[in-house]
**Q** 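Structure in structure tokens, see below.
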Amino acid sequence: MIGSLINFAAILVGSGLGLLLRGGISQRFRDTLIQGLALCVILIGTLGAIRTQDVMIPILCMVVGGLAGEAINIEKRLEALGDRAQRLVARASKGESRSGFSQGFVTASLVYCVGAMAIVGAMDSGLRGDHTTLIAKSALDGITAVIFASTMGAGVALSAVAVLVYQGVIALGAQQVAGLLTDGMILEMSAVGGLLIAGIGINMLGLTKLRIGNLLPAIFLPPACIPLMRWISQLF
């Protein structure tokens, strides 16, 4: 829960700063900050991915997980939520204050909760007590909160509660199943998660558009892939 609490605090602090900067923040400053953080996200993901003890396991998980994700089309569902958030931001920025508080809350909650980083980070926090990903996410969310709150108001701060509950539930759920997983399984889940996080950083830089959402099932597959790889190695 420590990582989720840090994320909670970062959003509150960012929202407070945003309320003090109601005039908005220059796009040039936003772009530079996001690009710098994107490089940090790629570094964090890479460090996690190289922990694998058998490179074939992440490859197999990515292939099978990608096929499953494409079949479900997770990315499209996430984009639908993201598009809704974008519409809410656009309406709020035009001064539609009738439900400005709730718009700020809903928009920020969707942005902070919808995405691979929230899921992977919370699982890492629960399974291994590693809060690195959620701390990086906290930095991103804190900066975004400054921008959101400066345009949409105090409702953004309330989204911190939604983030705490959402990520906290995932982390606590991961703790409950941790006893069923071996150290090797957790290590490979972390390696697959690292690849996904590195992909998020690449997307943040705008270099390409990786469908990370459709690759999310891969992170749950190492517990099944590890015994399979051992069985295959015994055959040959």
Side-chain angles (χ1 to χ4, degrees), residues 1-19 21 24-25 30-31 33-38 40-41 44-45 74-93 99-126 130-174 193 196-197 199-201 203-205 212-213 216 219:
M1 286 291 291
I2 294 176
S4 297
L5 288 170
I6 293 173
N7 206 167
F8 171 81
I11 294 172
L12 287 182
V13 172
S15 297
L17 290 174
L19 292 174
L21 300 171
I25 300 172
R30 297 184 204 178
D31 290 343
L33 288 173
I34 294 299
Q35 288 170 0
L37 289 171
C40 293
V41 169
I44 292 169
I74 299 172
E75 184 79 5
K76 184 177 180 180
R77 300 174 192 276
L78 293 178
E79 285 180 352
L81 288 175
D83 288 343
R84 174 172 170 77
Q86 189 174 22
R87 289 195 298 269
L88 290 171
V89 172
R91 291 209 306 269
S93 64
S99 56
F101 186 92
S102 61
Q103 286 178 352
F105 167 69
V106 172
T107 299
S109 296
L110 285 172
V111 171
Y112 298 147
C113 294
V114 174
M117 207 167 188
I119 297 172
V120 174
M123 287 188 64
D124 241 5
S125 180
D130 185 349
H131 312 296
T132 305
T133 300
L134 285 186
I135 290 173
K137 180 178 180 293
S138 299
L140 291 168
D141 291 353
I143 292 173
T144 306
V146 174
I147 298 168
F148 280 174
S150 68
T151 56
M152 291 186 289
V156 175
L158 188 59
S159 69
V161 177
V163 171
L164 179 63
V165 173
Y166 175 74
Q167 293 178 172
V169 167
I170 295 175
L172 291 175
L196 297 179
I197 291 169
I200 292 170
N203 282 349
M204 289 172 62
L205 288 174
I212 301 299
L216 274 176
I219 195 174

**Q** Identify the heavy atoms of Met123 and Ala174 that sit nearest to each other, and give their distance.
**A**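 Heavy atoms of Met123 and Ala174 come nearest at O-CB, 4.1 Å.
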
**Q** Quick one: list whatever passes side-chain hydrogen bond (donor to acceptor under 3.5 Å, both in side chains) with Asp141, sequence neighbours left out.
**A**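 Asn7, Lys137.
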
**Q** What residues form a side-chain hydrogen bond (donor to acceptor under 3.5 Å, both in side chains) with Asp130, not counting sequence neighbours?
**A**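 Asp130 satisfies side-chain hydrogen bond (donor to acceptor under 3.5 Å, both in side chains) with Arg128, Thr132 once adjacent residues are dropped.
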
**Q** Scan residues 160-173 for pairs that pass salt bridge (Lys or Arg N to Asp or Glu O under 4.0 Å), counting only residues two or more places apart or in two chains.
**A**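 Applying salt bridge (Lys or Arg N to Asp or Glu O under 4.0 Å) to every pair that reaches into residues 160-173, excluding sequence neighbours, yields nothing.
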
**Q** Is there side-chain contact between Ile6 and Leu134, with at least one heavy-atom pair below 4.5 Å?
**A**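 Of all side-chain heavy-atom pairs linking Leu134 with Ile6, none is under 4.5 Å.
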
**Q** With sequence neighbours excluded, tell me which residues meet side-chain hydrogen bond (donor to acceptor under 3.5 Å, both in side chains) with Ser125.
**A**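 For Ser125, the residues satisfying side-chain hydrogen bond (donor to acceptor under 3.5 Å, both in side chains) (neighbours in sequence not counted) are His131.
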
**Q** Find the distance between CD1 (Ile170) and CG (Asp124) and round it off to the nearest 0.5 Å.
**A**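 Result: 12.0 Å between the selected atoms.
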
**Q** Apply the side-chain contact (heavy atoms from CB on, under 4.5 Å) test between Phe8 and each candidate in Val161, Val13, Val163, Val165; give the one that qualifies.
**A**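 Considering Val161, Val13, Val163, Val165, a side-chain contact (heavy atoms from CB on, under 4.5 Å) with Phe8 is found only for Val161.
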
**Q** Suppose we screen for side chain to side chain contact (heavy atoms under 4.5 Å, CB included). Which residues come up paired with Ala10, at least two apart in sequence or across chains?
**A**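 In terms of side chain to side chain contact (heavy atoms under 4.5 Å, CB included), with neighbours along the sequence ignored, Ala10 is linked to Ser138.
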
**Q** Which residues pass the side chain to side chain contact (heavy atoms under 4.5 Å, CB included) test with Leu5, not counting sequence neighbours?
**A**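 Result, side chain to side chain contact (heavy atoms under 4.5 Å, CB included) vs Leu5: Leu164.
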
**Q** Please confirm whether the backbone N or O of Ala145 pairs with a side-chain atom of Tyr112, one donor and one acceptor, at under 3.5 Å?
**A**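 A pair under 3.5 Å: yes.
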
**Q** Grab the two heavy atoms, one from Ile11 and one from Val156, that are nearest each other, plus how far apart they are.
**A**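 Looking at all heavy atoms of both residues, the shortest contact is CG2-O, 4.0 Å.
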
**Q** To the nearest 0.5 Å, what is the distance between CD1 on Ile147 and CG on Leu17?
**A**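 Answer rounded to 0.5 Å: 12.0 Å.
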
**Q** To the nearest 0.5 Å, tell me how far Leu172 CG sits from Ser4 OG.
**A**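 Taking CG in Leu172 and OG in Ser4, the distance rounds to 8.0 Å.
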
**Q** With rounding to the nearest 0.5 angstrom, report the CG to OG1 distance, Leu196 to Thr133.
**A**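 Spacing of CG (Leu196) from OG1 (Thr133) equals 10.5 Å.
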
**Q** Work out which heavy atom in Ala149 is nearest to a heavy atom in Ser15; give both atom names and the distance.
**A**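 That would be CB-O, 3.4 Å.
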
**Q** So does Leu205 have more than 12 non-hydrogen atoms from other groups sitting under 6.0 Å from CG?
**A**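 Yes, enclosed.
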
